[in-house]
Every structure is written in C-alpha cells, then in structure tokens.
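Here's the structure, in structure tokens; my notes come after.
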Amino acid sequence: MAEISITLPDGSQRDVADDSTVLTLASSISRNLGKAAIAGVVNGQQVDLSQSLTQGDSVEIITVDSDRGRHVLRHSTAHVMAQAVLNLYPGAKYTIGPAIENGFYYDFDLGGRVFTEDNLANVEAEMRKVITANQPFVRAEISVAEALSLFSEQPYKCEIIERVTGGSADGTDSAEVGGSGDSVSIYRNTVEFVDLCLGPHVPSTGRLGHFKLQKVSSAYWRGNEKGPVLQRIYGTAWESKSALEEYLHRLEEAERRDHRRLAVELDLLSFPAELGGGLAVWHPKGAIVRKLMEDYSRARHQSGGYQFVFTPHLSNATLFQTSGHLDFYADGMYPPMEMDNGTYYPKPMNCPMHCLIFRGRQRSYRELPLRLFELGTVYRYERAGTLHGLMRIRGFTQDDSHIFCTREQLQDEIISLLDFVMSVLKAFGFEDFSFHLSTKDPEKYVGSDEIWESATNALSTALETHGVEYSVKEGDAAFYGPKIDIHIRDAIGRTWQLSTIQCDFNLPERFDLEYVATDGSRQRPIMLHRALFGSVERFFGVLVEHYAGAFPTWLSPVQVKILPVAEAHETYAQEVAKELLGSGIRVEIVEANDQLGKRIRTAKMEKTPYVLVVGDDDVTATTVGVNARGLEVERGVAVSEFTRRITEEVSHSVI
RNA sequence: GCCCGGGUAGCUCAGUCGGUAGAGCAACGCACUCGUAAUGCGUAGGUCAGGAGUUCGAUUCUCCUCUCGGGCUCCA
C-alpha cells in the first residue's frame, strides 16, 4: 500500500497509509490519542475524524478534553437535542443550536406552545434513546436547490440557506452551515433527522452522554426584538461524568454565593419593592463594609495625587445638551423634571460636571495632569428586564475620576494608572487580571485618525510596559476614544469586568476645554475617564460572591464576637470588648441567654472572623479562647496577645 | 421593553379540587447558666403582592397593575 506524508503540529513528519483518516492517524500515534480524538484540524480547517488525508496535509488532533473538543461535543449534543425535540413535538420548527461556553442551546418554534421546566426530563430521556442508538453523524454537501427541497418544511433553515448562499451571512449563520458557493453542508443522523451544519461532529451519538438540560427560556429569532419569539433549551455537556459533576458543583457553588441571597442572609442590604426596581437600601452591616471600601478608595486616591470634588445629583438639561448625552443617551436617563427655571435631569454621568470644574477658570499646562475624583452617584433608567441585584442597578455610585492631560503626558499617565488599578484591586483579594484594548470603530468615531492612533499606541505601550497579556477588540471602542477594560477572575473562576480606562476626544471639544501651553498658545487637553471599582455597588456584589460572604477581617462588619460561657462571665467579656474597641476593632458580646454551642453556631453562620469564648479559666488568667474562622480552637490566649494579632492583621490590609 | 415562570409569617417553604391558612428557623416570654456549630416549654406573628371581575362565598378561577426570577434585547 502506498504511503503519504503528514505534518504534525510539532513540525514532525509522519508516513501513513494513503487511505488514512484523521482517526486512523490519531490511533497510529497512540491508542489513547485514538480514543480521546473527537475531531481534527487539517490544513487549518476543523474536520470530522472520518476525513481522508492526502499527501502533505498538516494535521492536528482535537481531543475531547480540550476547549475545541468540548465545543464539538456540545454542538453534537445540540443536534441530538434537536432530534429529540422534533420527535416529541411533531411540527416543531428548529432554528439554530450552537455550542456556547460550558454548554449549548437550541432554539425552536413550537407554533405557540412553550417549554416548561417539566418538559426537560422527557427531552433528556428522548436524547438518551438517540445516544443509545449510536447514530452516525454523516456529512454531505448538497446543492442549494436540494437543500431548499430537503428543508422545505423548515422555514428557518431555508432562511439560513438563502442568507448564506446569497452572501449576506453573518457570524451566526456561518457557524451553522458550511459549504461553498452553490452547496451547503448537512449532517444526517437518521433517515428522518438531518441538520444544516458546518461541523465538525463526533463520529456517532454514542460518543455523547455526559450532559444535562438546564433551563428553558425564550429568545428572539436572530436576536431581533421585533422578530418571532422562539423557545430555547439550554444544556451543558462534558467529556466525562466527573467533568459534568464538577461543573454542576461549580454552579451550585455560584448559587450559594449569590450576593442577592447572601445580602438577605447576612442582613447587608435590601431592595424594598416600595422603592421601585433597581434601587437598594443599605443596612448597617452592608453599610459598614461599603464605608470601609470607600474609605480605602479615598485614602488611596488622596495619596495618589487626585483632588476630591463633589457635584450635584441634578442638572439643568442644557448641561446634557452640551455633553451630548441628551442626543445619544436620553433613553437611558430618568425622565426630566420641569421646573420654573428650566428642565432638570438626574445625572447619568459625572463627567460633564467635572468638565465644568476644569473650565471654571483658566488652566495652565503646569496644572496637568489634573485628576479630579468623586464617588459620584448617578441614575440610569436601565430597562426593567435587565436589572440584576447589585450587578445591574438604577442608582449607583462610581469611583469616578477624570484626568485632564496633554498628549505628551498620556503615556506615563496610563502606565501609572495601570499600577494604581492593580494595586487597589489586589487589596481586595483579586490577583488574576485580564486586559482588553478596544480600538476605533471605523464607522463611528470623532477626532482625527492621528489622535486615535497616538492614543491607542499610548494604551498598548502602557500594557506592554507592564508586561501583561491583553486582547485587542477591534472596533469595540466608544465613538469618543479607545479604552482599556480590566477584568478580574474571582475565587470560583468567574470573570468580571470592573475597571475601565477610556480616552475621550469628544467632551474636551464639546466643552471647549483649553489650557495655556508653555508657548502661551491655547491647547485642548485629552480627557481620561477611569473607574476602578466601576460601581461601588457592583464591586460590593462581586466582593460578596468572591468571598462567599466571609469578608476578610479588615472588611468584616463584626470582626470579633465575645461569648461568655455563663452570665457570671459577662463583666469580664465587657472588659475584653473594651480593650478591643480601644484598638478600633468592631466587637460584639453575645450574652449567655442561649447555650454556648448555639451561640457559636450562630456566630459562625454569620461568618464572623473571630469568636472568643470566655469562662472561668480566662477570667483568672486574663485570656480568651480563640475560635478563628477556618482554624482550630486555641484556648488560653492572653487578651493583649489577641489584640496585638488582630490589629496587626487588620493594619496589613489597609494602607 | 419582549417571552416564560413565580409572589402565602422576618427567612425558607407546605397547603387550600373555591368555604379567609400551616411547619421549621428567626422574634418574644419562662425555665436552664452551659467551655467550642442547633436545650426545653410556651407566646405572638399573615387583607395569602395590590386592584377589579365571576361567585352565596376568592388566598385558590379570570383580567389588569406592581414586583421578583430565568432568558432575549440593551449597557452611548
């Protein structure tokens, strides 16, 4: 038999029989690789395992336990779900079913019927049948005419075929269907079930099985609010039972940490219905944590060269006409209040007011960079369906700063800003950052190409100076300037976008901001918007979830609870409390009305960092029994020693 | 804003095929005074989200409103 030569990813050559496929190649490399293989990449194109190889192909094997492998697995599972739904709901129209992060979904038009959670078990059972049947995924390329005839009962499929072959495909379509020119690719499982698809897929449904359907919801066809409403089922799928279980466990963990739930359990804050949606009241325990966060932020800004300002919550409409917000953003603003001397709006942003402060008098280059800082509360009328606890809220406080600088200063300013941002976030327990640079949208921007280029270079150079990896989002910038977004990874691996550093070439123009340069000429400053927390409320929510409500000692609402063993020890407990209070520690005494075990349990459930038990021995020796969160109980610690330890712990966390 | 599903005691929930409701925890009282994650007994607590309709009678059925949840869309 003749042989052909294949190039592997490491650059090595391998000779294989000329009737080889991706699968036989994988198996020839090792038995385990053959087993783990789920698809391949041939000359840069993802293909099925059954793909034949030809002389000179570059081949990479995709295994099930890789991101790309799980993607294939999930997409194939989506097909299985579509088949199951079509079996169970005759007349259902199927639309698209992509793999997504951690899972997949598929959208159906049930002709007015809807899915409920109760239907999921049936669909799952039907899917198991499909999987047990071990149906093959057979790829074919057929002509457009054949495809339209094959899917004549499926209007959504026809629409996709027409759009793809008509050259007006978007990203969603091209993930759904492959083929070139006049043909489209399909994958057939049975005589009855066939789906349009780019592929690749697993060889047969028997390769699947570690999946779970999660929820039903609705979605718009092609994301268009005016279009048909479809029924969507979300599911997750993994390469092994243990990977599936681990993922489901992570979901449970996320639910356990949900800040909305912990806010109630720990009495941090609430969203009274009487206030209206998306508006919170902060209870004492939440308020103290928030105050500590704000105090820390203020202290850092003070030492970081910022000047504090305050601005009102309301403004005359003319301000927002000047800033342009009323033209571009009126839908996001609370409605106007008609007053006898004009129309007023609650502010959705602080920046226009900071511009007024800058413009309040003539500015010299000697003052730049001028850094104005405010914990500024803004109001945005978020659409009702988008509200989500503290993460999306209608009244919130930005740790907002506007920096006015020259073009020459931009580079250094951003370099030091990145330092500042990471240093502040690290103080709150975040270590893992990712950076995203958004560049000009060629369709929509203000300012010269030249200033965009120099500002974008300043941002990327700053990132490179710090030696951090970053992704570039081409065209994702706002119309007024390029920006860096900073995401953090929390304790259970989720990422959150918090900080942002945005260049603005627009507002200085609109407000006609100037400074006097060294040569006496009037120059326009560049304005930087930046926030570290983003919103204090949202950052608080992220912190609650990151710590699962167990704040580090310096942030804990109550740092120490003192539990006298019996009533007779209450006087001593007060003495200990007094000493700790004197050192600035937040301490509470829990009187001996309940059994000790009960009181310990309650204190632990409240996630108190230190529970001190004091009894006869302690009164005699001036000691305490220390029950620290996550540590063994330690009896007989001298009060002075405990005070020293905790004050040291707290002082290390705060500047 | 759109689709679907909820709203019963402070919290978590049960229940009423239409006859105005119940548990656990929490609160309060009494007894117990206890050395490291739930002592016992008792008391109180609800216009069953709000409004309208159907009905002899509505927490239960219907409609509307508010609100919450899951998505979609949105986040200049």
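Excluded from the calculations below are hydrogen atoms, water molecules and symmetry mates; all remaining heavy atoms, backbone and side chain alike, are included. Throughout, protein chains are lettered first and strands after them, A, B, ... in sequence-line order, and every chain is numbered starting at 1.
- Between the CG atom of Asp267(A) and the P atom of rA26(B) there is a distance of 16 Å, given to the nearest Å.
- Across the interface with RNA chain B, nearest-nucleotide mapping of Val264(A) and Ser323(A) shows Val264(A) to be the residue nearer the 5′ end.
- Stem regions for RNA chain B, each three or more consecutive Watson-Crick or G-U pairs with both distances under 3.5 Å and listed by first number, read B:1-7 with B:66-72, B:10-13 with B:22-25, B:27-31 with B:39-43, B:49-53 with B:61-65.
- In this model, the phosphate group of rU36(B) is not approached by any side-chain N or O of Arg629(A) to a distance below 4.0 Å at OP1 or OP2.
- No side-chain donor-acceptor contact under 3.5 Å links Thr236(A) to the backbone of Lys212(A).
- Side-chain atoms of Asp616(A) and base atoms of rG35(B) include no donor and acceptor less than 3.5 Å apart.
- Rounded to whole Å, atom P of rA38(B) lies 10 Å from atom CE of Met605(A).
- Evaluated for a ring pair (Phe, Tyr, Trp, His ring centres under 6.0 Å) with Tyr105(A), the options Tyr234(A), Tyr94(A), Phe115(A) yield exactly one hit, Tyr234(A).
- Using a 4.0 Å cut-off, no side-chain N or O of His569(A) falls inside it from OP1 or OP2 of rC34(B).
- Not one side-chain nitrogen or oxygen of Lys215(A) sits closer than 4.0 Å to the OP1 or OP2 atom of rG70(B).
- The base of rC2(B) sits within donor-acceptor range of the side chain of Tyr220(A), with an N or O pair under 3.5 Å.
- The Ser217(A) side chain lies nearest to rG71(B) when the options are rU39(B), rU33(B), rG71(B).
- Residue Gln595(A) contributes atom CD, which lies 12 Å from atom P of rU36(B) at whole-angstrom precision.
- Between Arg392(A) atom CZ and rC74(B) atom C1' there is a gap of 6 Å when expressed in whole angstrom units.
- What separates CG of Leu612(A) from P of rU36(B) is a distance of 15 Å, to the nearest Å.
- Using a 30° and 60° split on the angle between ring planes, His313(A) and Tyr379(A) fall in the tilted class, from 30° to 60°.
- Of the candidates Arg394(A), Met337(A), Arg380(A), Met337(A) is the only one forming a side chain to side chain contact (heavy atoms under 4.5 Å, CB included) with Pro346(A).
- Taking the six-membered ring for Trp and the full ring otherwise, the centers of Phe479(A) and Tyr445(A) sit at least 6.0 Å from each other.
- Judged by distance alone, with hydrogens and angles left aside, Arg599(A) brings no side-chain donor or acceptor close enough to the base of rU36(B) to form a pair under 3.5 Å.
- For rG70(B), its base never sits under 3.5 Å from the side chain of Tyr105(A) at any donor and acceptor pair.
- Panel note: side chain Thr643(A), backbone Val639(A); a donor-acceptor pair is recorded below 3.5 Å.
- Taking only distance into account, the side chain of Arg222(A) never meets the base of rC72(B) through a donor-acceptor pair shorter than 3.5 Å.
- Nearest to the side-chain atoms of Gln231(A) among the listed nucleotides rU73(B), rA37(B), rC3(B) stands rC3(B).
- Because its NZ or CZ atom is both nearer than 6.0 Å to the ring centre of Trp238(A) and within 45° of the ring axis, Arg74(A) counts as a cation-pi partner of that residue.
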